[in-house]
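One structure is given below, encoded as structure tokens.
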Amino acid sequence: MSVERAHRAWAWVTGLMVSLGCVAVVASLFLPVLRDEGGYLFIADRVAHGAVYARDYFEWKTPLFFYLIAWLFRVTGTSVFAARLAMLGCVAASAWLMTGAARSAGIRPLWRAGAVALFLLLVPAFYSSHALTEVPVMVCSIGLAVLLLRGEAPHPIGTWVSAGLIIGVAASAKQVGVFLLPAAVIWIWVENRRSGVDVRSLIVRAAALSVAFAIPLAAWALYYLVIGAFPEFLYAAWSVAASYRGFGFVDWVLNTARSVVLRGLIIWVPLAAGVPVVLWRYLRRSEYRVEALLSLIVVFSLIPILKRPYEHYITAFLPVACLLAVCVVRDSLRRYSGRQLIAALAILSLGTVRHYATYVIPPLVRGEYFQQKAVGERIASYLLPGEPLYVLGGEPKYYLLSGHFHTDEVVFVIKDWEHLRPPQTVWDIIQNTPGLYHVLIVQGDLSVVGPVVEAVREEGQHLFTRRVGELETVSLYRIRSTP
């Protein structure tokens, strides 16, 4: 095949992949609402109605995401679809920033398009268009790469102040954003050592980065201090970080093995860059500058992923990893034959294919998102406006989908969540307070079992039961309490 024909074929393939990626991302808007997303949106809705995150409704996260969605809900009204459209905007912004980073790195347009196509195709597999706390971190991580790839070293102090603010905003959305900080600190040393900057200037730049990083978090701390909820904020922000203590070597090894199985391409290709190698080549020969920076970000991003190997954790650093993967492939084409490379990538991408085959295509075909909406509407048809709903099961999305809430405190109940009411407490309220109550029992991944559920079934009037795809079974009961 001639060079011109090969170039034209690659252009067609890349265009097709970008188009398929766009279709996949839009289709992912109609994937079912899962437990984490439902919980986050429920809390955001309560914040939009005047609640204070971490004091009134708690999650083990920093607060920015919940307030961003709350501000959106005040404009659009409570809507899963509106929240997902906002996340889709973050996906589009990340794709645009990827092209900016690639342009700053001198990557040709077709390779830029290839990076964007890879990113868009992986978005549904890792729930990156869902309303998850990792999505704002995703924009910040690729934004940091764009900032640090722009221009030549040494960067002025203002650049490092901007970098610190970006990392601080990322950490305000979710604690995993903090892992961008050590990558940036090491990059200060690498770039400025290469440029011959003295130690004093290195310290000044590192100090500017650190102080700027602390500003967004300090602003949140001050806000919670003023409203008298600082201990709750501190607990929400620090509790996850404290969980890294005591995490043993065997745990890391086991989670690494699980991550390899689940993530395939997205884990192995960035690691194939070989961080020590690219850093050494950059320091000694000024080669692989782009790969060196992206590898630093990706390697530190693996810490939370290997700590808790959940699929959506990769979302926070997905565009950086995809850009690095394309850089590695581009360089590999100079060393290996196309057939070898294609075979290797096919094997490494099996994890992503598995995600599509198991978690993306079947729920779309079954229409589970629309089934959930139909259940929410049916629940609302049995309740009067403002009448509370009690959900037994770890699925707060049905508060959101039905528009009915318990007014005092969230009552989606699973064991061992210390900030939620246990089932027996809910039952005591119903038994000791006259009135009409509606209790929703959700049986799925986090089902509630025990005497309370059996009591609801025995004493309540069964209104309906509905199976939602392969996710869960939902049953609504009416109880008239006359103590």
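Note that these values count all heavy atoms, side chains included, but never hydrogens, waters or copies made by symmetry.
- Side-chain contact between Met98 and Arg112: absent, with no pair of heavy atoms (C-beta onward) separated by less than 4.5 Å.
- Residues passing the salt bridge (charged side-chain N to carboxylate O under 4.0 Å, His left out) test with Glu232, sequence neighbours excluded: none.
- Atoms CG and OG, from Leu400 and Ser79 in turn, are 8.5 Å apart once rounded to the nearest 0.5 Å.
- Residues satisfying the side chain to side chain donor-acceptor pair (under 3.5 Å) criterion with Arg466, sequence neighbours excluded, are absent altogether.
- Evaluation of the side-chain contact (heavy atoms from CB on, under 4.5 Å) rule for Trp96 yields Thr99 as partners, not counting sequence neighbours.
- Residues passing the side chain to side chain donor-acceptor pair (under 3.5 Å) test with Ser28, sequence neighbours excluded: Ser129.
- What you find for Ala101 and Leu149 is that their closest heavy atoms are O-CD1, 4.0 Å.
- Rounding to the nearest 0.5 angstrom, the gap separating the CD atom in Glu191 from the CG atom in Leu293 is 7.5 Å.
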Enumerate donor-acceptor pairs with a distance under 3.5 Å from any side-chain N or O in residues 207-227 to protein atoms, sequence neighbours excluded.
residue, atom, partner, partner atom, Å
Ser210, OG, Ala206, O, 2.9
Tyr224, OH, Tyr53, O, 2.9

Pair Ile43-Asp56, side-chain contact (heavy atoms from CB on, under 4.5 Å): steps then yes or no = CA-CA 9 Å; Ile43 293 173; Asp56 302 323; over 6 Å; no
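- When the ring pair (Phe, Tyr, Trp, His ring centres under 6.0 Å) test is applied to Phe30, the partners found at least two apart in sequence or on another chain are Phe81, Phe370.
- Between Cys327 and Glu291 the shortest heavy-atom distance is CB-OE2, 3.8 Å.
- Among Ile167, Val320, Val185, the single residue meeting the side-chain contact (heavy atoms from CB on, under 4.5 Å) criterion with Leu180 is Ile167.
- Rounding to the nearest 0.5 Å places OG of Ser104 at 10.5 Å from CG of Leu148.
- Ser475 is linked by a side chain to side chain donor-acceptor pair (under 3.5 Å) to Thr465, counting only residues two or more places apart in sequence or in another chain.
- By the 4.5 Å heavy-atom criterion applied to side chains, Leu471 and Leu34 are counted as neighbours.
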request  = Take Phe119 and Leu318, measure what side-chain contact (heavy atoms from CB on, under 4.5 Å) needs, and give me the verdict at the end.
outcome  = CA-CA 7 Å; Phe119 169 61; Leu318 184 59; 3.8 Å; yes
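- The nearest pair of heavy atoms linking His438 to Tyr382 is NE2-O, 3.6 Å.
- Residues passing the salt bridge (charged side-chain N to carboxylate O under 4.0 Å, His left out) test with Arg366, sequence neighbours excluded: Glu368.
- When every heavy atom of Tyr398 is checked against every heavy atom of Val442, the shortest pair comes out as CD1-CG2, 4.1 Å.
- Side chains of Val135 and Thr315 form a contact here, defined as non-hydrogen atoms less than 4.5 Å apart.
- Scanning for side chain to side chain donor-acceptor pair (under 3.5 Å) contacts around Arg467 gives Thr473, with sequence neighbours left out.
- Here Tyr477 pairs with His462 under the ring pair (Phe, Tyr, Trp, His ring centres under 6.0 Å) rule; sequence neighbours left out.
- With sequence neighbours left out, the salt bridge (charged side-chain N to carboxylate O under 4.0 Å, His left out) criterion links Lys174 to Glu134.
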message = Quick one, Leu440 with Ile379, criterion side-chain contact (heavy atoms from CB on, under 4.5 Å). Give me CA distance, side-chain angles, the key distance, then yes/no.
response = CA-CA 9 Å; Leu440 190 73; Ile379 293 169; 3.7 Å; yes
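- Considering only residues two or more places apart in sequence or on other chains, Ala131 meets the side-chain contact (heavy atoms from CB on, under 4.5 Å) condition with Glu37, Leu41, Phe65, Ala83, Met87.
- Contact detail for Cys22 and Leu120: the closest heavy-atom pair is SG-CD1, 3.8 Å.
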request  = Assess whether side-chain contact (heavy atoms from CB on, under 4.5 Å) is satisfied between Ser301 and Phe179, documenting all intermediate values.
outcome  = CA-CA 6 Å; Ser301 78; Phe179 292 102; 5.9 Å; no
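- Between Tyr399 and Arg46 there is no side-chain heavy-atom pair separated by less than 4.5 Å.
- Between Pro319 and Met138, some side-chain heavy-atom pair lies under the 4.5 Å cut-off.
- Pairing each heavy atom of Cys322 with each of Ala115, the nearest pair is CB-O, 4.1 Å.
- Summarising the geometry, atom OH belonging to Tyr390 is positioned 10.0 Å from atom CD1 belonging to Ile479; distances are rounded to the nearest 0.5 Å.
- Note that the CZ atom of Arg205 and the CD1 atom of Ile188 stand 8.5 Å from one another [nearest 0.5 Å].
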